K.L.:
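One structure, pasted below without further comment.
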Amino acid sequence: MSEKTVLLEKQGAVALVTLNRPAALNCFNEEMWQEMERVLSELEQDQSVRAVVLKAAGDKFSAGIDLSLLGRLDSDFIWRNLPRMQQLNNRWENLLQPVIAAVQGICFGAGTELVLACDIRLASTRAVFGIQEVQFGLSPDMGGSQRLTRVVGASQAKRLILTCDTIDAREALRIGLVDLVYEPEELLPAALAMAEKIASRPPLAVRFAKKAVNVAQESSLYAGLLFEQAQSIHCLGTRDKNEAVAAFFEKRLPEFQGK
């Protein structure tokens with residue numbers, strides 16, 4: 001039996017998801033997408049996981065879609081399958097748990113579109129980003145044109161998409177494509193430390209806060225304020241809120257239950 005192309009392991013309340021086709025530059029193929037669906041379904045059902053780190057095996061994050069697959073695709077296949085493929089990134093974006101991407105090397109095309117669906121993006125100094133679909137007679141179609149525009153603004157998105165240029169980690173940080181940059185050996189420990197910090201917070205508050213920011217990107221101020229009202233009403237009635245306040249005044253570590 002061949003090794004899985006997407007791995008899932010747990011370290012306490014943190015899940016570590018690994019793209020696992022290093023010999024193929026972690027390029028996406030049908031098997032990898034199916035494995036990702038399986039992993040997402042497991043994460044969506046696992047209340048014990050409070051934060052996720054998404055990384056890749058080897059020294060490349062992902063060179064994008066497997067070009068051998070691209071050569072076999074046609075309009076009929078895309079018509080039938082692209083909505084499902086787009087939904088994968090939507091599921092990462094809407095996952096209850098915050099998702100931290102740790103990008104250690106090349107991150108092109110579908111790889112960039114995947115990390116754009118993550119909540120926080122960390123990069124190694126060796127990371128290189130590109131979104132090069134136009135070069136192959138296409139346009140980004142797994143959310144790249146939409147999420148990149150929201151993250152870096154319309155002009156920067158057009159520059160990267162239309163020129164197919166690649167940028168290094170420093171430039172990615174400058175334009176806001178990534179949030180923090182680390183030396184290669186520090187990247188994964190930093191991502192895990194951030195995930196563990198998030199996982200130590202009250203789970204319901206974290207989930208509502210993530211949703212609130214997502215709402216802010218998609219709706220009016222009025223709708224966002226209504227969401228804030230609803231989440232505040234809910235959170236003020238939770239055991240975790242009471243535990244957080246009690247632990248603060250008693251000068252002890254809180255024990256949250258997600259209730």
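Just so it is clear, the structure is predicted and the values come from calculations on it, not from any experiment.
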K.L.:
Would you find a donor on one side and an acceptor on the other, under 3.5 Å apart, between the side chain of Gln104 and the backbone of Lys60?
P.N.:
yes
K.L.:
Short question: side chain of Asn89, backbone of Ala117 - any donor-acceptor pair under 3.5 Å?
P.N.:
no
K.L.:
Any donor-acceptor pair under 3.5 Å linking the side chain of Ser124 with the backbone of Glu183?
P.N.:
no
K.L.:
Would a 4.5 Å heavy-atom cut-off, applied to side chains only, mark Leu114 and Leu88 as touching?
P.N.:
no
K.L.:
Between Arg201 and Glu243, is there a side-chain N and carboxylate O pair less than 4.0 Å apart?
P.N.:
no
K.L.:
Going by heavy atoms in the side chains, are Ile106 and Phe61 under 4.5 Å from each other?
P.N.:
no
K.L.:
Rounded to the nearest 0.5 Å, how far does CD of Glu35 lie from OG1 of Thr5?
P.N.:
4.5 Å
K.L.:
If I compare all heavy atoms of Val178 with all of Ala123, which pair ends up nearest, and what's the gap?
P.N.:
CG1-CB, 4.0 Å
K.L.:
Would you compute the distance between atom CG of Asn20 and atom CG of Leu7 and round it to the nearest 0.5 angstrom?
P.N.:
4.0 Å
K.L.:
Applying a strict under-4.5 Å side-chain criterion to I, L, V, M, F, W and Y, I'd like to know whether Ile131 and Val151 cluster together.
P.N.:
yes
K.L.:
Can you find a heavy atom in the side chain of Val128 that is under 4.5 Å from one in the side chain of Cys107?
P.N.:
no
K.L.:
Please report the shortest heavy-atom distance between Leu54 and Cys118, naming the atom on each side.
P.N.:
CD2-SG, 3.8 Å
K.L.:
For Gly224 and Val215, work out which heavy atoms get closest and say how close.
P.N.:
CA-CG1, 3.9 Å
K.L.:
Considering non-hydrogen atoms only, spot the tightest contact between Ala15 and Leu43 and give its length.
P.N.:
CB-CD2, 3.7 Å
K.L.:
Taking the basic N atoms (NZ, or NE/NH1/NH2) and the acidic carboxylate oxygens, is any pair closer than 4.0 Å for Glu93 and Lys211?
P.N.:
no
K.L.:
With a 4.0 Å cut-off, would you call Glu218 and Arg150 a salt bridge?
P.N.:
yes
K.L.:
Looking at Gln229, is its backbone amide N or carbonyl O close enough to the side chain of Ser232 to form a donor-acceptor pair, meaning the two atoms are under 3.5 Å apart?
P.N.:
no
K.L.:
So, for Phe136 and Gln132, which heavy atoms are closest and what is the spacing to 0.1 Å?
P.N.:
CD1-O, 3.5 Å
K.L.:
In the single-linkage hydrophobic clustering (I, L, V, M, F, W, Y; side-chain heavy atoms under 4.5 Å), do Val49 and Leu16 co-cluster?
P.N.:
no
K.L.:
So do the side chains of Phe227 and Asn214 get within less than 4.5 Å of each other, counting heavy atoms only?
P.N.:
no
K.L.:
Under a 3.5 Å distance rule, please check whether Glu133 uses its side chain to pair with a backbone N or O of Ser139 as donor and acceptor.
P.N.:
no
K.L.:
Is Trp92 linked to Leu96 within one hydrophobic cluster, defined over Ile, Leu, Val, Met, Phe, Trp and Tyr using a side-chain heavy-atom separation of less than 4.5 Å?
P.N.:
no
K.L.:
Is any side-chain N of the basic residue among Asp46 and Lys10 closer than 4.0 Å to the acidic one's carboxylate O?
P.N.:
yes
K.L.:
Under a single-linkage definition using a 4.5 Å side-chain heavy-atom cutoff for Ile, Leu, Val, Met, Phe, Trp and Tyr, are Met36 and Val17 assigned to the same hydrophobic cluster?
P.N.:
yes
K.L.:
Would you call Arg159-Asp165 a salt bridge at under 4.0 Å N-O?
P.N.:
no
K.L.:
Does the pair Arg91/Glu44 count as a salt bridge with the N-to-O cut at 4.0 Å?
P.N.:
yes
K.L.:
Taking all non-hydrogen atoms of both residues into account, name the closest pair between Val6 and Arg38 and its distance.
P.N.:
O-NH2, 3.1 Å
K.L.:
Tell me every residue that passes ring pair (Phe, Tyr, Trp, His ring centres under 6.0 Å) with Phe208, counting only those two or more places apart in sequence or in another chain.
P.N.:
His234
K.L.:
Under a plain distance cut-off of 3.5 Å, with no hydrogens placed, do Arg170 and Thr125 share a side-chain donor-acceptor pair?
P.N.:
no
K.L.:
Can you find a side-chain donor-acceptor pair between Gln87 and Asn90 that sits under 3.5 Å?
P.N.:
yes
K.L.:
Mind checking whether Lys210 and Val206 have side chains closer than 4.5 Å, heavy atoms only?
P.N.:
no
K.L.:
Any ion pair linking Asp66 and Arg21 (charged N to carboxylate O, less than 4.0 Å)?
P.N.:
yes
K.L.:
Could you tell me whether the side chain of Phe129 reaches within less than 4.5 Å of the side chain of Leu116, counting heavy atoms only?
P.N.:
no
K.L.:
Would you tell me whether Asp240 and Thr238 have side-chain atoms, one donor and one acceptor, within less than 3.5 Å of each other?
P.N.:
no
K.L.:
Is Leu177 close to Leu148 at the side-chain level, that is, under 4.5 Å between some pair of heavy atoms?
P.N.:
yes
K.L.:
Within a strict 4.5 Å, meaning less than it, do heavy atoms of the Met194 and Leu122 side chains meet?
P.N.:
yes
